[in-house]
Amino acid sequence: MVAFIPVNEPLINGNEKKYLCECIDTGWISSEGPFVKEFEQKMSMLVGRKYGIAVSSGTAALEVAVQALGIGEGDEVIMPAFTIISCAMAVTKVGAVPVLVDSDLTSWNMDVDEIEAKITSKTKAIMMVHLYGLPVEVSKVTELAERYNLKIIEDAAEMHGQTYNGRKCGSFGDISTFSFYSNKHITTGEGGMVVTDDIELAERSRMLRNLCFRKDVRYMHDEISDNYRFTNLQAAVGLAQLERLNEFIEKKRQMGRYYTDRLKGISGLILPIEETEYADNIYWVYGMVLDKDIPIDNRTVQKLLAEEGIGSRTFFWCIHEQPVYQNQGLFQKEKYPKAEYLARKGFYVPSGLALTEEKMEKVVSGVRKVMNKIYMLKENS
Ligand SMILES: *Cc1c(COP(=O)(O)O)cnc(C)c1O
């Protein structure tokens with residue numbers, strides 16, 4: 001009996017323990033510790049940005065980014081319909097409105113050709129979210145932002161070290177964000193970062209991260225914010241992880257090639273594309289999508305894979321179909337067919353950095369078995 005293969009196992013066998021011991025030995029465990037600044041500097045330098053502000057999660061980073069830009073009541077922010085809820089929540093939390101665009105089925109990112117039609121006099125920003133391992137077609141977004149005088153919030157949570165036409169993801173937004181959740185290329189358990197070249201946005205982000213303490217008088221506050229601080233313990237892990245980013249990306253690419261080599265040709269399965277004109281996939285996770293004529297959804301696949309001892313996850317659920325927004329009367333009757341298709345037919349298989357080849361082999365045979373089962377069902381229906 002082989003043990004269940006979890007969908008994500010992080011790799012934390014570098015200098016993490018050493019740096020964590022340093023925190024404990026010196027007593028520096030809070031956000032005031034020295035590793036936080038060092039991690040901010042190294043991460044922002046890697047991305048080619050002047051400032052980095054570490055926060056408690058990728059979600060917090062998006063919230064800080066939206067608030068730092070001064071987006072508020074009635075403003076509109078354009079974003080993909082198919083993305084993580086964090087993107088929309090950061091916007092609705094301040095009373096602004098997410099305006100959604102459908103997906104591009106080759107890259108699974110938002111279809112940049114649909115953005116322009118969504119721009120109104122209320123549009124303040126475009127949230128450019130790079131998903132699953134391939135960057136958005138950045139140049140089309142930056143061109144629109146310039147022409148219509150819009151800000152770009154770049155969500156690079158799944159893109160540590162990825163490039164678009166040779167330039168690092170995370171360097172394209174007026175303000176850009178990362179997550180260090182345990183399934184990202186670099187993890188600190190939980191954590192995130194805002195990066196920017198704009199000193200005012202950086203200073204505002206620093207304020208927003210820490211309850212908007214007044215600079216001159218402590219314990220006086222002019223604005224509502226939150227405690228989004230990042231601890232020295234998290235930074236210790238982050239620094240050790242960062243040392244290995246290139247190795248991690250190489251490992252993810254090997255994993256991607258391994259899966260693609262062995263899964264291609266299984267009918268009914270659409271695999272991730274290995275590259276676009278402007279980037280090679282870095283496989284945040286190894287996702288795939290069921291063909292249109294497969295009469296089964298991703299939740300069923302997840303169940304069938306679990307029966308084979310394989311962990312998997314369905315893709316994100318679309319923003320416009322989220323119960324919380326439907327109940328508020330938002331996005332009524334809006335339709336984004338490609339996004340809806342990805343949300344129902346897309347899933348990903350174990351692809352954490354600690355995954356061994358032996359386990360990948362088991363995943364491959366499990367996927368084959370499940371697809372055969374599904375085909376039998378289809379033939380008999
Ligand atoms: C993971 C992720 C986030 C949220 O990050 P957390 O650290 O989990 O809050 C935001 N955006 C994208 C695209 C993500 O993949």
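Just so you know, residue 1 is the first one in the sequence shown, and it goes up from there. Just so you know, ligand 1 is whichever comes first in the structure, and atom 1 is the first atom listed for that ligand.
- Ligand 1 has Gly191 within reach: a non-hydrogen atom of the residue lies less than 4.0 Å from it.
- In summary, the atoms of ligand 1 found under 4.0 Å from a heavy atom of Ser179, numbered by their order in the structure, are 1 (C), 5 (O), 6 (P), 7 (O).
- A salt bridge links Arg204 to Glu223: one of the charged nitrogens lies within less than 4.0 Å of a carboxylate oxygen.
- For ligand 1, the atoms sitting less than 4.0 Å from at least one non-hydrogen atom of Ala157 are 2 (C), 3 (C), 10 (C), 11 (N), 12 (C), 13 (C), 14 (C), 15 (O), numbered in the order shown with element in parentheses.
- Residues Phe213 and Tyr219 place their aromatic rings such that the two centres sit under 6.0 Å apart.
- Once rounded to the nearest 0.5 Å, the distance linking NZ of Lys93 with OG1 of Thr59 reads 9.0 Å.
- Close approach to Val129 involves these atoms of ligand 1, each under 4.0 Å from a residue heavy atom: 13 (C).
- Looking at atom 9 (O) of ligand 1, its nearest protein heavy atom turns out to be Thr59 OG1, 2.5 Å.
- Classification of Arg167 and Glu154 as a salt-bridged pair fails, no side-chain N sitting under 4.0 Å from a carboxylate O.
- Between Lys124 and Glu73 there is no salt bridge, since no side-chain N of the basic residue sits under 4.0 Å from a carboxylate O of the acidic one.
- Counting protein heavy atoms only, atom 14 (C) of ligand 1 is closest to Lys184 NZ, 3.1 Å.
- Checked against a 3.5 angstrom limit, the closest N/O atoms of Leu131 and ligand 1 fall outside it.
- In this structure, Asp197 does not pair ionically with Lys50, as no charged nitrogen and carboxylate oxygen lie closer than 4.0 Å.
- More than 12 heavy-atom neighbours from other residues, nucleotides or ligands sit within 6.0 angstrom of CZ on Arg257.
- Among protein heavy atoms, atom 11 (N) of ligand 1 sits closest to Asp155 OD2, 2.6 Å.
- The single protein non-hydrogen atom nearest to atom 15 (O) of ligand 1 is Glu158 OE2, 2.5 Å, given as residue, atom name and distance.
- Near Ser57, the atoms of ligand 1 lying under 4.0 angstrom from a non-hydrogen atom of the residue are 7 (O), 9 (O).
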